[in-house]
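Here's the structure, in structure tokens; my notes come after.
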Protein chains: 2
Amino acid sequence: MSTATVSRVINGHGNVTHATRTRILRVVERMRYVPDSAARSLSTGLTNTIGVLLPDLYGEYFSEIIRGIDQAARRRGLHLLLSGVHGSAAEAVLAIRALKGRVDGLLIMSPYADSAFLADHFADDTPAVLMNSPVRGNSHSSFCLDNRGGARAMVRHLAQVGHRRIAFIAGPQNNFDATERLAGYCEAIAEFGPDLKEFVLPGDFSEESGYRAAQRLLTLDERPEAVFAANDMTALGCLHALNEARVAVPGDVALAGFDDIPLARFVSPPLTTVRVPMAELGARALDGIAAAVGAPAATPTSTQTVATTLVIRASCGASAQLRAVDELTVSGSDAAGN
Amino acid sequence: MSTATVSRVINGHGNVTHATRTRILRVVERMRYVPDSAARSLSTGLTNTIGVLLPDLYGEYFSEIIRGIDQAARRRGLHLLLSGVHGSAAEAVLAIRALKGRVDGLLIMSPYADSAFLADHFADDTPAVLMNSPVRGNSHSSFCLDNRGGARAMVRHLAQVGHRRIAFIAGPQNNFDATERLAGYCEAIAEFGPDLKEFVLPGDFSEESGYRAAQRLLTLDERPEAVFAANDMTALGCLHALNEARVAVPGDVALAGFDDIPLARFVSPPLTTVRVPMAELGARALDGIAAAVGAPAATPTSTQTVATTLVIRASCGASAQLRAVDELTVSGSDAAGN
DNA sequence: CCCCCCGCTGAAACCGATTACACTGTGGGT
DNA sequence: ACCCACAGTGTAATCGGTTTCAGCGGGGGG
């Protein structure tokens, strides 16, 4: 048997007698022959692998993205080459370079890697799709969470419940999610005209920063009626400080977060927040890059948005009727500890 | 310039004039030349990639493993090919086969993939290291959490605090962590002679199963003084049920979990538990496979144990003195195996 | 002055697959 | 009976690197 015939059998290209096919398959089985992917990649130019670049691999947020990507990839028979890029833009360039010949396409989430950046550094033919990244330049498709819409919805909800002085604890300044959430907050405040006023405190997504922001709020003459934190961990830090100061939530101050981390429904009071479907974002982004790999030219670049959902629990002071009934809460005597 | 010289420059093999080297480097820079990894792999037989097979990619547990693996891999300049294997042993075989030629080594965590299984299905020369898997056969190294030691330490602690009737809520029967934890519980109970008695309730690591187990405990004539759940989520379900029944924790019943998930310190009372250093497990396993890849023959197969740590908080009823301001941690592991 | 050795470079084999193309043999049409 | 079309198989080029080995030129020692 020649290598050509074996190759045809293995790849199911026709023109092989049934007899020889079975004979070859039997030998393949007996020898435990497995074709070498590297050689196959070299000759076909296909790797059936998607490179995934994330700024970090830690925590619920990325774990969920990876899960979504993995499920979608498995559905398509694609492999995943995973890489965390913690450092600078230079490191990102190196990381992407190192993937040349290893992957058919790239799924990128990084503060540095906007479309213009990619176009600058890679005359490459490797298609790429961005996740949750600023869109500058239009040579790449991108999928983003609707952070802005979610933040707007939250502010509208807080206003509807009756709160007027709504403060916002921001996230890190160079973080895309954080700036979008801030923008959404500002837009919604503006919608209400002179009735509502912006009030933004600095933060960095950490529990610690929420704690400090709350302490600062408590020193103000005119306390806000509601505090909207850029993410749940910040909101929890905030809650901790308010509990320590014996300020009732939501009695004295309403509180809201963003992300709907598992902790959110466990604290007391359960936290009103915005759910971000990270797994869906990952899955849709992978579908996007798979499509681009399949038909490089035919795929127009686009920016798609993944919807977020308002999750109303007790911490915002909405009446009980408004709140979902299926949320599990753990009754606790006092504050959640640190 | 010939391809040979370019290759020597890029790989830093000596014997190239400084003049030609700089000339080549300049051209490389200008053309944005990046060597094709597939071709390089084919000719060198090295991919600089480790395949990682996990039973699932969801949640804190795996997210931490991946983080540890990634950090260690980055340190060594290795890439990660990630794959979730949800299904049967057959699926695992397919997944491993598909990695032939793509990876230099395998990092495997799967209930099916013990060493004997691997030896059966792969006459392969690809080295592999197992994580948290039953060790049958000795052709592969493996790294395991000291689940057993952690469980023993917890039971000893509960006994030391004064509890005598200590119940255990088990995990899924086919889960390696779960069976090890159960074994540790039983061993520790046996240590205390007739003083303590085993009492095991079924569970499956879910919050729900903890809730049901607690409800069942409450119907007993002689309630346990302490409940040790096979993981934290189960303990939380348990706590929920106890709260509903107005049973004080730790006043009426002490409670302990396993894993030290982030939630554990947020609930009320904060949960006494066993911390499992998943990231460290991942990192050490990657170091192990990297060593095996580097020196295939020289690496003896071994089974190493990663220590777990007792984290004493309020839910177990330990006196305040025993607990630190933040939290007291006690080493809960025996020496690493051979 | 000749020769040898050594340092640098290039030509070509090789890794293990895919695939275009050549070849062989059979059956059917005229 | 002859030829052609076509299905089945094999040969060899190719992918893009690495690496062995040969060639070439220059400098130093005899």
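Order of the sequence lines fixes the chain letters, A, B, ..., with proteins taken first and strands second; residue numbering starts at 1 for each chain. Keep in mind it's a predicted model, so treat the numbers as computed, not measured.
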Nucleotides 16-21 of chain D: protein proximity per nucleotide (B base, S sugar-phosphate only, - neither; heavy atom, under 4.0 Å)
BBSBB-
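The closest donor-acceptor contact from the side chain of B/S37 to the backbone of A/K100 lies under 3.5 Å. The backbone N or O of A/S41 sits nowhere less than 3.5 Å from a side-chain atom of A/T47 that would complete a donor-acceptor pair.
Heavy-atom distances under 4.0 Å link DNA chain D to no residue of residues 15-29 of chain B.
On the nucleic acid side, DNA chain C contacts chain B at distances under 4.0 Å to non-hydrogen atoms, with the end points of that region at C/dC8 to C/dG16.
Scanning all heavy atoms of the two residues, the minimum distance from B/L80 to A/L81 falls at O-CD1, 2.8 Å. For the residue pair B/F176 and B/C144, the shortest heavy atom distance occurs at CE2-SG, 4.1 Å. When all heavy atoms of B/R102 and B/T49 are compared, the closest pair comes out as O-CB, 3.6 Å.
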Walk me through whether B/I50 and B/V293 qualify under side-chain contact (heavy atoms from CB on, under 4.5 Å).
CA-CA 9 Å; B/I50 301 294; B/V293 167; 4.3 Å; yes
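Heavy atoms of other residues, nucleotides or ligands lying less than 6.0 angstrom from CZ of A/R23 number 12 at most.
In this structure A/A307 satisfies the side chain to side chain contact (heavy atoms under 4.5 Å, CB included) test with no other residue, sequence neighbours excluded. Applying the side chain to side chain donor-acceptor pair (under 3.5 Å) rule to B/S88 yields no partners; only residues at least two apart in sequence or on another chain are considered.
Fit an axis to the five pairs at each end of the helix from C/dC1-D/dG30 to C/dT30-D/dA1 and the two axes sit 60° apart, to the nearest 10 degrees.
The distance from the CZ atom of A/R21 to the CD1 atom of A/I10 is 12.0 Å, given to the nearest 0.5 Å.
With respect to A/R76 and A/D287, a salt bridge is recorded, a charged nitrogen being found less than 4.0 Å from a carboxylate O.
Checking A/D177 against A/Y61 by side-chain atom types alone, a donor-acceptor pair falls below 3.5 Å.
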